**Q** 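I have a structure I would like to understand better, so I am pasting it below and will then ask my questions one at a time.
Predicted model, so just to flag it, every value in this text is computed and none were measured.
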Amino acid sequence: VQLYLTFPLTAGEPSRQLRGFHKLHLEPEERKGALFVLTRRDLSVWSAEKGAFEAVPGSFQVHVGSSATDLRLHETFHLDL
């Protein structure tokens with residue numbers, strides 16, 4: 001299972017950045033859950049001006065699936081700083 005983030009447009013980042021993955025072994029018809037915990041660093045971009053990572057405010061999109069070309073779950077959340 002792979003989790004990708006799309007940053008707010010103001011961040012100037014490429015879309016769908018891989019931010020987590022879990023390897024699950026499933027039998028046919030078996031279902032399992034995967035828990036992803038995003039950190040402040042996962043929601044940050046490098047600021048050359050500040051010389052450090054800086055969290056980006058705005059709306060993020062989360063995409064989850066078995067690969068970058070098979071993303072079946074999508075959700076949006078907003079980060080206020």
**Q** Determine the minimum heavy-atom distance between Pro57 and Pro8, stating which atoms define it.
**A**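 Smallest heavy-atom distance, with atoms named: O-CG, 3.6 Å.
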**Q** Treat each ILVMFWY residue as a node, draw an edge where side-chain heavy atoms are under 4.5 Å apart, and state whether Val56 and Tyr4 are in one component.
**A**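 Cluster IDs for Val56 and Tyr4 differ.
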**Q** If a pair satisfies side chain to side chain donor-acceptor pair (under 3.5 Å) and one of its residues is in residues 29-38, list it, with sequence neighbours excluded.
**A**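 Sorted result for residues 29-38: empty, none.
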**Q** Can you list everything that forms a salt bridge (charged side-chain N to carboxylate O under 4.0 Å, His left out) with Arg41? Sequence neighbours excluded, please.
**A**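 Arg41 satisfies salt bridge (charged side-chain N to carboxylate O under 4.0 Å, His left out) with no other residue.
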**Q** Could you give the side-chain donor-acceptor pairs of residues 10-21 under 3.5 Å, partners two or more places apart or in another chain?
**A**
unit_1, atom_1, unit_2, atom_2, d
Glu13, OE1, Gln17, NE2, 3.0
Gln17, OE1, Arg19, NH1, 3.3
Gln17, OE1, Arg19, NH2, 3.1
Gln17, NE2, Pro14, O, 3.4
Arg19, NE, Asp42, O, 2.9

**Q** Only distances under 3.5 Å count here; give the side-chain donor-acceptor pairs of residues 73-81 to other protein atoms, sequence neighbours excluded, each with its distance to 0.1 Å.
**A**
unit_1, atom_1, unit_2, atom_2, d
His74, ND1, His63, ND1, 3.0
His74, NE2, Leu71, O, 3.2
His78, ND1, Ser59, OG, 3.1
His78, NE2, Asp80, OD1, 3.0

**Q** In residues 43-50, what donor-acceptor pairs under 3.5 Å come from side-chain atoms, sequence neighbours left out?
**A**
unit_1, atom_1, unit_2, atom_2, d
Ser44, OG, Arg40, O, 2.6
Ser44, OG, Ala55, N, 3.3
Ser47, OG, Lys50, N, 3.1
Lys50, NZ, Glu54, OE2, 2.5

**Q** Do you know the tightest heavy-atom contact between Phe36 and Gln2?
**A**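 In this case the closest contact between Phe36 and Gln2 is CZ-C, 4.5 Å.
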**Q** With a 4.5 Å cut-off on side-chain heavy atoms, are Leu3 and Leu38 touching?
**A**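 They are in side-chain contact.
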**Q** Which other residues belong to the hydrophobic cluster containing Leu9, where Ile, Leu, Val, Met, Phe, Trp and Tyr are joined when side-chain heavy atoms lie under 4.5 Å apart, directly or via other members?
**A**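 For Leu9, no cluster forms, as it stays isolated from other hydrophobic side chains.
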